[in-house]
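Each remark here refers to the structure printed beneath this line.
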There are 2 protein chains.
Amino acid sequence: MNKVIREAATILPLNQILDGDCIDLMNGLPAESVDLIFADPPYNLQLKGDLHRPDNSRVDAVDDHWDQFASFQVYDDFSREWLKAARRLLKPNGAIWVIGSYHNVFRLGAALQDAGFWILNDVVWRKSNPMPNFRGKRLTNAHETLIWAAKSEDSKYTFNYEALKALNEGIQMRSDWVLPICTGHERLKDDNGDKAHPTQKPESLLHRILIGTTNAGDVVLDPFFGTGTTGAVAKKLGREYIGIEREAAYREVAEKRLKSVRKFDRSSLEVTTSKRAEPRVPFGQLVERGMLSPGEELLSMNGRYRAKVRADGTLIGNDVKGSIHQVGAALEGAPSCNGWTYWCYKRDGKRVPIDLLRQQIRAEMVERPN
Amino acid sequence: MNKVIREAATILPLNQILDGDCIDLMNGLPAESVDLIFADPPYNLQLKGDLHRPDNSRVDAVDDHWDQFASFQVYDDFSREWLKAARRLLKPNGAIWVIGSYHNVFRLGAALQDAGFWILNDVVWRKSNPMPNFRGKRLTNAHETLIWAAKSEDSKYTFNYEALKALNEGIQMRSDWVLPICTGHERLKDDNGDKAHPTQKPESLLHRILIGTTNAGDVVLDPFFGTGTTGAVAKKLGREYIGIEREAAYREVAEKRLKSVRKFDRSSLEVTTSKRAEPRVPFGQLVERGMLSPGEELLSMNGRYRAKVRADGTLIGNDVKGSIHQVGAALEGAPSCNGWTYWCYKRDGKRVPIDLLRQQIRAEMVERPN
DNA sequence: GCCGCAGTTGAATCGCGCC
DNA sequence: TGGCGCGATTCAACTGCGG
């Protein structure tokens, strides 16, 4: 801990959870005293009725009072006020992370820019296990967006390029991060065994943020502390934290959690690493990418059957419609069929297995596990 | 081309590129005449000096005059004006796609919401081959963001759920799409052999958008047409397009490109459809036709409940009377139940789902529609 | 202890047409 | 135009139990 931090510590309520409204409390703290802010504000989801899964079970929606706003205008006023208070607290070279979904993140991003923050990246948290779209009316909402911004255009912000590169197996870290949502033992439960907080963030996400954009000893503030994921990871990684949370139930869970956290917990470093098999390539992608055209004919490897490619990546042959696997199986009268090795196409009079196209796509993907 | 489209064609400049300012031109077109808008507006990149690669070669940045705006305020005014004109053009059930990067997309998204559009999804285009961050000062900017929004909250927007699911090998399409940037033969060159447009989008992106959110024959408008990717894919897929582009050089490249594009043949454009589109068959018809007899017993799929068929096509089981759906729901204590997939009957000692009888009727209907 | 299977769950702006 | 009723719709993980 260097001298500056030690002095600040006499004023700053380090490693504590403050009880109350984040705007009031931030306005009461000394200006230019914080290195990084992580903020997970209410998303302002505008949910109407209940939603049921196809098996008729009810989805436990986020319908808490703290997520309700009367209008975009009210939400914007709130956002601009807490962002203003947050910006005042940041040191000149400080930075902020904000997370949101399409319901609120565009308003949040515009408010950040208007407040004088300088956006450095937007980062996509691609969820490996999102909730599906049960009604089939939209795309699976499989990601959330984070915005990383410096206090101002000329801030000398912290970016640990090499550390993130190392986390990413030697390849420069990209703006899309694949991480699982918070489940299992990490997900905190209340006394009834229900989830303690409806939107607890995974520690892996905060781990990457704090490793990449803070140094040991830095002061990290979270104005929407919830169950304290930011504090837990900060403590593990040797950063100082300040939490603000107005709901007593969340504060209690967070206090208990933080007591049991130890610095340099090695196991937490392993959270983000996971092995992955070869990435799945949908056949439809060959069509979208023009490697095969709708209307083009495929030939079975044994030369016995033909089928035509359709615009949605299905085949039609002998009146059978379906995936490359389904049509292959139907034509052969087999229970199953690997379409990738069954079909080929013609180029310059030669038969070429479609699997070669898949290999080409995989080579381009250079997929990283995380 | 059906009657409605033919009439509209007398007013709408279909399959043309209009020369001029998109706001003026959109205001001159008839209201509620367009099914889908795809817009790739200027990104308002705020680039300072030149950028060089580690080998000192200069990066060819987007520094065209059309991408320069004096301030966020000016950019917002511009965005809100073209969005207003665009919204007027959309049919009540129409929708819009907008693409942007962190420089502009937050402002665009907020403007969309303020204009009354209803966001359906934000979609991340994850680039398989992005430009690296040469200076190591930020994360590799490896994605762009698309916003899909309906004209209003109660628009009955087009979503070809099954077609997108087919494109994704039978798994529901997610909000993150991995696609390569536009390179190689697809990337259009000018007479000097330089790229004809700095931000040409890949056809694969438009293919997915048009397959997923339009039907054949729909009118698709692109107010920032550029080199005409939207038009090219629309033509291939049998959609009508309207392009607007004020730069003569881009219009020329696009005209040439569109002339050489051919529509895919009819059958390959057919796409996997949802059950919802199939004709409704009342359960009573199975009784009328003698496929099931009054008094016959049905068994629930899980084997737990029985019910008796009545002459009017209702069921009675455990003192509950009503439709196959109502009785199923009541017995299971569920909010709803699809009776077609819930009940089966016995034939030769085997359980047969009643849905097979419905499929039989539907098959006959295709042969003799009336 | 390991494997398989059944059950549960996650920041969700999640019908439509007829009368 | 509001109410009612048909009937369509899910993926990846993790938990716990039984063999």
Side-chain angles (χ1 to χ4, degrees), chain A residues 40-64 66-69 72 99-105 125 127-145 178 180-187 189 193-195 197-202 224 226 274 280, chain B residues 93 113 117-122 149-150 153-157 159 161-162 165 168 170-175 274-284 302 313-314 322-326 328-329 334-343 354-355 358:
Chain A
D40 181 11
Y43 283 15
N44 188 25
L45 302 186
Q46 296 145 60
L47 305 177
K48 301 284 182 330
D50 278 354
L51 177 66
H52 292 89
R53 298 187 180 81
D55 66 2
N56 271 322
S57 62
R58 199 178 71 85
V59 174
D60 183 18
V62 178
D63 52 1
D64 305 78
W66 49 254
D67 200 49
Q68 314 291 326
F69 293 83
F72 282 138
I99 183 167
S101 67
Y102 68 83
H103 309 84
N104 70 325
V105 79
W125 169 26
K127 302 179 185 184
S128 54
N129 49 347
M131 184 160 68
N133 186 292
F134 297 116
R135 306 300 296 267
K137 301 307 283 183
R138 302 182 179 193
L139 301 163
T140 307
N141 197 358
H143 73 276
E144 292 186 31
T145 302
V178 180
I181 61 176
C182 184
T183 59
H185 294 300
E186 192 187 325
R187 189 83 194 220
K189 304 290 192 299
D194 299 324
K195 57 190 174 194
H197 191 284
T199 68
Q200 188 184 339
K201 296 293 173 286
F224 306 97
S274 67
R280 195 175 54 86
Chain B
N93 293 330
Q113 291 178 310
F117 286 99
W118 189 247
I119 298 184
L120 299 167
N121 278 114
D122 60 334
E153 186 175 350
D154 42 53
S155 297
K156 310 237 176 291
Y157 56 91
F159 182 55
Y161 175 75
E162 291 294 343
K165 194 170 164 180
N168 197 34
I171 293 170
Q172 173 172 101
M173 185 72 79
R174 299 168 39 121
S175 58
S274 153
K275 268 195 200 170
R276 273 184 270 251
E278 294 186 57
R280 204 175 70 85
V281 176
F283 176 72
N302 58 27
T314 57
S323 71
I324 52 172
H325 316 294
Q326 288 167 333
S336 72
C337 170
N338 183 344
W340 289 108
T341 53
Y342 181 75
W343 297 105
I354 61 170
D355 204 32
R358 180 171 66 160

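Source: prediction; values computed, not measured. Below, chain A is the first sequence line, B the second, and so on; all start at residue 1.
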Please produce a list of atom pairs where a protein N or O lies less than 3.5 Å from an N or O of nucleotides 15-18 of chain D.
from: dT15(D); atom 1: OP1; to: His185(A); atom 2: NE2; distance (Å): 3.2

Sort me out a list of protein N/O and nucleotides 5-7 of chain C N/O pairs below 3.5 Å, or just none if empty.
none

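At whole-Å resolution of the value, CH2 in Trp66(A) and P in dA11(C) are 11 Å apart. Asp194(A) has its CG atom 14 Å from the P atom of dT8(C), to the nearest Å. The nearest whole Å value for the distance from the NZ atom in Lys201(A) to the P atom in dG10(C) is 13 Å. Whole-Å rounding puts the Asp67(A) CG to dA11(C) P distance at 13 Å. Rounded to an integer number of Å, the gap from Asp55(A) CG to dG10(C) C1' is 13 Å. Going from atom CZ of Arg58(A) over to atom C1' of dG10(C) covers 13 Å, rounded to whole Å.
The gap from the C1' atom of dG15(C) to that of dC11(D) amounts to 22 Å, rounded to the nearest Å. Comparing dG7(D) with dC14(C), their P atoms are spaced 23 Å from each other, to the whole Å. Taking atom C1' on both nucleotides, dT15(D) is separated from dA11(C) by 23 Å, rounded to a whole Å. Nucleotides dG17(C) and dT13(C) have their P atoms positioned 22 Å apart, rounded to a whole Å.
Under 4.0 angstrom from either OP1 or OP2 of dA8(D) there lies at least one side-chain N or O belonging to Asn338(B). Taking 4.0 angstrom as the limit, His325(B) places none of its side-chain polar atoms (N or O) nearer than this to OP1 or OP2 of dG5(D). Applying the 4.0 Å criterion to OP1 and OP2 of dT8(C), one finds that Arg187(A) has every side-chain N and O outside that range.
With rounding to the nearest 0.5 Å, the separation of CD1 in Ile181(A) from CD in Glu144(A) is 9.5 Å. The structure places CG of Asn338(B) at 7.0 Å from NZ of Lys275(B), a figure rounded to the nearest 0.5 Å. The line from OG1 of Thr145(A) to CD1 of Ile99(A) is 8.0 Å long, rounded to the nearest 0.5 Å.
Closest contact between the side chain of Tyr161(B) and the listed nucleotides dA13(D), dA11(C), dT10(D) involves dT10(D).
Nucleic acid contact class of Arg358(B) (heavy atoms, under 4.0 Å, all strands): sugar-phosphate only. Using a 4.0 Å heavy-atom distance criterion, Cys337(B) is classed as a base contact. Among the heavy atoms of the strands, none lies under 4.0 Å from Pro202(A). When heavy atoms are screened at a 4.0 angstrom cut-off, Val281(B) is found touching the sugar-phosphate backbone but no base atom. Residue contacts for Pro282(B): at a heavy-atom cut-off of 4.0 Å it reaches no nucleic acid atom on any strand shown. Across all strands, Glu278(B) comes closer than 4.0 Å to no nucleic acid atom at all (heavy-atom distances). Using a 4.0 Å heavy-atom criterion, one finds that Lys165(B) contacts the sugar-phosphate atoms exclusively. No engagement by Glu153(B) is indicated, since no non-hydrogen atom pair under 4.0 Å with the nucleic acid exists. Residue contacts shown for Arg280(B) are limited to sugar-phosphate atoms, with no base heavy atom under 4.0 Å away. Heavy atoms of Thr140(A) sit nowhere under 4.0 angstrom from any nucleic acid atom. Among the heavy atoms of the strands lying under 4.0 Å from Ser323(B) are primed sugar atoms or P, OP1, OP2 only; no base atom is included.
Applying the salt bridge (charged side-chain N to carboxylate O under 4.0 Å, His left out) test to residues at least two apart or on different chains, none of the pairs has a partner in residues 130-141 of chain A.
For dA13(D), its base never sits under 3.5 Å from the side chain of Ser128(A) at any donor and acceptor pair. Residue-to-nucleotide contacts include a donor-acceptor pair under 3.5 Å from the side chain of Asp40(A) to the base of dA11(C).
Residues Asp154(B) and Trp118(B) are not in side-chain contact: their nearest non-hydrogen atoms beyond the backbone lie 4.5 Å or more apart. Using a 4.5 Å cut-off on side-chain heavy atoms (C-beta onward), Pro42(A) and Trp66(A) make contact. The shortest side-chain heavy-atom distance between Leu120(B) and Tyr102(A) does not fall under the 4.5 Å cut-off. Counting heavy atoms from C-beta on, the side chains of Asn56(A) and Pro335(B) come closer than 4.5 Å.
Residues satisfying the side-chain hydrogen bond (donor to acceptor under 3.5 Å, both in side chains) criterion with Asp194(A), sequence neighbours excluded, are absent altogether. Listed by chain and number, the residues in a side-chain hydrogen bond (donor to acceptor under 3.5 Å, both in side chains) with Asp64(A) amount to none (sequence neighbours excluded). Partners of Arg276(B) by side-chain hydrogen bond (donor to acceptor under 3.5 Å, both in side chains), not counting sequence neighbours: none found. Legend: residues meeting side-chain hydrogen bond (donor to acceptor under 3.5 Å, both in side chains) with Lys165(B), ordered by chain and number and at least two apart, are absent. Ser323(B) meets the side-chain contact (heavy atoms from CB on, under 4.5 Å) test with His325(B), Gln326(B); sequence neighbours excluded. Judged as a ring-ring contact (aromatic ring centres under 6.0 Å, His included), and not counting sequence neighbours, the contacts of Tyr157(B) are Trp148(B). Remark: Lys156(B) pairs with no residue by the salt bridge (charged side-chain N to carboxylate O under 4.0 Å, His left out) rule, at least two apart or across chains.
Using a 90° window around 0 for the glycosidic torsion, dT13(C) falls inside it and is classed as syn.
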Canonical and wobble pairing (Watson-Crick, G-U, under 3.5 Å) of DNA chain C, dot-bracket with | | .|||||||||....|||||
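Heavy-atom distances to DNA chain D give each of Gln326(B) and Ser274(B) a nearest nucleotide, and the one nearer the 5′ end belongs to Gln326(B).
Using a distance-only test at 3.5 Å, with no hydrogens or angles considered, no donor-acceptor pair links the side chain of Asn121(B) to the main chain of Ser175(B).
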For nucleotides 13-19 of chain C, just jot down a letter per nucleotide in 5' to 3' order: B, S or -, based on protein non-hydrogen atoms under 4.0 Å.
-> BBSS---
